Amino acid sequence: MRYTVLVMLALLSAQVFCYGQPKRSASPAPQKQPIGWRIGLSFGSVNNAVKMDFSDKPFWRYNYVGGWQYPGLEVHYALAPRVLATFGLNVLQRGQKVETIQKLENVYNFTLMRTYLNLPAGIAVELFDTKLSPYVNGGIYGAYWISGKWTGKVLRILGNPFEENYNNFEEISTIAFEAPYEFSSNSNTGIKENRVELGIWGGGGLSYRGKSGLRMFIGVNATGGLTHIYSTTTEIKDFQKRKNTAYIAQAGLTIPVRKNM
Amino acid sequence: MKIKYFLSIFLLLFTLGCVKEDPFVEFDRYSNTPTGNFQAFWDGMSRRYAFWGYDPTNWDAVYDKYINKVTDETTDAELAEIFDEMVENLIDCHYKIEIEVDGEPKLIVPGLVKQKDLNYHYLLDDNYFETTMFARLSPGTRKKFNGFVYGAIDNKYQYIRIPQFNIFGNLLDQNNLQFFSDMIEFMANPAPQYKGVILDLRENVGGNADEVTLIAGNFLDKELVVGESRYKYGSNRNEFGPWIPQKIYPNPEGYNPLPVVVLCNGFTISAAERVTMALSLLPQVTVVGETTYGAQSVVSFGSEARDFNYAGAFNLPNGWNVSTAVEVYRFADGNLYEGIGFPPDVAVPFDVNLFKTTGRDNQLERALQILPK
């Protein structure tokens, strides 16, 4: 969440700059985007949630949790001066956090940070033929769940009465944990992990055309998993489906593969 | 201006996307009818039973088998019979359903718990330990209180009998503080003449999990990982968190390095099993007696357990109370002993005939043989 706020502030600053300088952003002569392949990189911050139904447990909720999209490859093809086909290859984190709330706040906190190899593909359309232009984009993605890491806090089972200030009659004593996610560890429940995820994404941002065909962009995408994180291997009657929902604040740049195209 | 509108809408949507809170919703979905209670029971078990993945019961098949046997004309007694069959193969040995049929309170328990009804355990009651066993201890060393007994056998071996782990409960009365302080001191700082320790956990019904360290910590010189626990965080049957290491800690005010025999039997239960299993990891400890009860996973964190823990107890609309473990405990060797019980290093079945005819306690005798002369 903190990362996203920072990126939002950066985005806001860019807007303020944009609002404050309307003539400067509109006045330069349109930069013709060369048709053809472009290559570059992007990175970002991910704000993710796996939505869960806690209607039977009033003191629990799911929450969004921040992760990273590590610097990854961007390959774009400029189909027209303002239209790009975009492809990416990156590693990003999709977190899942559930926790207890209200009077039991901070007693339980289970955060599972899943790391995915992510392959987004889509179309980006710049709205104006100006140096600084908003754009909208969208597409599909495929992702492969590489690994996972648990962190969090649970109620302590074996307290230590030899500790200073130990109070047996204190209701709540917690212990922090950190552990790798074990794949298929729960397969004998009739539920298995789906490590391949497919989904859609869309959003927009600002792009800037610089010298020598350089294109920089900053924006936010909402992504939604279409496939479930877990599925049943048998017909489990009460099985609740879980999907990833994420917001990715992203920045990147690309350059033409060949100049003078 | 277009840019301005676009960005404003964009920023607004982004900000809305970050709203975090879920509404607070109460659990209230089943009616107080036989079919409503059946559904609530099946659903509650599906969500809150901590042993899915280990338990042999196919809970979906159980649903299919029994759903058509319950109608709104089903009586409480018939519903109780159906529940009894449904839970027959569960491995949670803390498991029970407290019910009331025709004004009579009753318990429904799994088949494994029904099998635990050993026929000798009444012989080793508190009275035996407070009279016969107490008389055997050397005068000047022996003390007793509410089934707790300690002292020296032949001025050579320390003997400590713990009937249940309710020491902190006893300390609510400050008058009991001296007894328990002396007992811990006796365990933690043995006099030089002693050659070994017998920790008698037979007929120990368990209790407060924190007291595992209070007792076992006297035989540790450093902290010890005694296993791992797993908690549920969601309603699906696979929604368990990671295995979290469970540790016990040494008593900073003393360390007993003497050889230890832990005496256990089929009624060494819950926290008493956790102490037995923890101490069995120490090289100087030998576990003697019988396989323990098989209920090592903690059943409650306290009065608010059902409010915040995802596994564990729940109520049915008719007021019947289902009590089940809130975690799954896996021993340091990677195995689950829930329902099975922890086996002794030296198996010595209790000789009922010998005890009845001569008063001799063959398990205690074997413990004394194992300790150094």
Side-chain angles (χ1 to χ4, degrees), chain A residues 1 4 8 11-12 15 18-19 25 47 52-64 98 100 102 104 107-108 110 127-128 134 150 152 154-155 157-163 168-169 171 175 177 179-182 186 188-191 204 220 222 230 234-240 247, chain B residues 2-4 6-7 10-11 14-15 17-18 20-22 24-27 29 43 46-47 52-54 60 63 168 208-214 217 226 229 231 233-238 240-253 274 298 301-304 307-310 327:
Chain A
M1 189 63 201
T4 309
M8 275 175 65
L11 197 59
L12 192 62
Q15 288 182 62
C18 170
Y19 294 166
S25 60
N47 205 15
M52 295 174 75
D53 170 17
F54 288 120
S55 58
D56 62 334
K57 289 304 290 178
F59 295 107
W60 287 71
R61 73 172 172 203
Y62 69 83
N63 206 343
Y64 283 79
V98 296
T100 46
Q102 297 185 3
L104 303 165
V107 175
Y108 284 104
F110 290 92
L127 300 186
F128 306 112
W150 285 106
V154 291
L155 206 70
I157 292 174
L158 299 178
N160 180 5
F162 301 127
E163 269 176 355
N168 178 251
F169 303 106
E171 292 246 357
I175 187 165
F177 63 85
Y181 183 83
E182 295 172 34
N186 298 315
N188 50 359
T189 55
I191 295 172
V220 177
Y230 300 101
T234 58
E235 282 303 314
I236 291 181
K237 293 173 176 52
D238 65 333
F239 179 65
Q240 293 183 15
Y247 298 91
Chain B
K2 281 181 183 173
I3 296 175
K4 195 171 176 179
F6 171 80
L7 289 174
F10 170 73
L11 195 64
F14 179 77
T15 309
C18 295
K20 300 198 298 188
E21 301 291 333
D22 263 348
F24 177 98
V25 187
E26 285 285 0
F27 175 63
R29 66 179 75 176
D43 190 22
S46 192
R47 290 161 186 267
W52 297 133
Y54 284 101
D60 289 310
Y63 183 90
F168 291 121
N208 187 334
D210 286 6
E211 294 178 26
V212 173
T213 287
L214 188 67
V226 294
S229 288
Y231 301 71
Y233 66 84
S235 60
N236 278 336
R237 287 181 213 163
N238 66 325
F240 294 103
W243 288 101
I244 299 167
Q246 299 290 318
K247 290 179 185 174
I248 57 172
Y249 305 88
N251 182 347
E253 294 179 5
R274 298 278 281 252
V298 170
F301 288 122
S303 59
E304 286 191 301
D307 283 346
F308 56 81
N309 195 56
Y310 219 100
E327 52 123 24

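Keep in mind that what you see is a predicted model, and the values were worked out from it rather than measured. Lettering follows sequence order; numbering is per chain, from 1.
In this structure, CZ on A/Phe162 lies 9.5 Å from CD1 on B/Ile248, to the nearest 0.5 angstrom.
Environment of CD in A/Glu163: crowded, with over 12 heavy atoms of neighbouring residues, nucleotides or ligands closer than 6.0 Å.
Panel note: side chain B/Tyr233, backbone A/Tyr108; no donor-acceptor pair is recorded below 3.5 Å.
Residues B/Gly234 and A/Phe54 come closest through the heavy atom pair CA-CE2, 4.4 Å. Shortest non-hydrogen contact noted between B/Asp210 and A/Gly159 is OD1-N, 2.7 Å. Annotation for B/Gly241 and A/Phe110: closest pair CA-CE2, 3.8 Å, computed over non-hydrogen atoms. Of all heavy-atom pairs between B/Ser229 and A/Ile157, the closest is OG-CD1, 3.6 Å.
At a 4.5 Å heavy-atom cutoff, the contact between A/Phe177 and chain B is made by side-chain atoms alone. Residue contact with chain A, scored on non-hydrogen atoms closer than 4.5 Å, involves the side chain of B/Ile244 exclusively.
The residue among A/Leu158, A/Val98, A/Asp53 with the most heavy atom pairs within less than 4.5 Å of chain B is A/Leu158.
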* **side-chain contact (heavy atoms from CB on, under 4.5 Å) evaluation trace for B/Asn238 with A/Tyr230** => CA-CA 9 Å; B/Asn238 66 325; A/Tyr230 300 101; 3.2 Å; yes
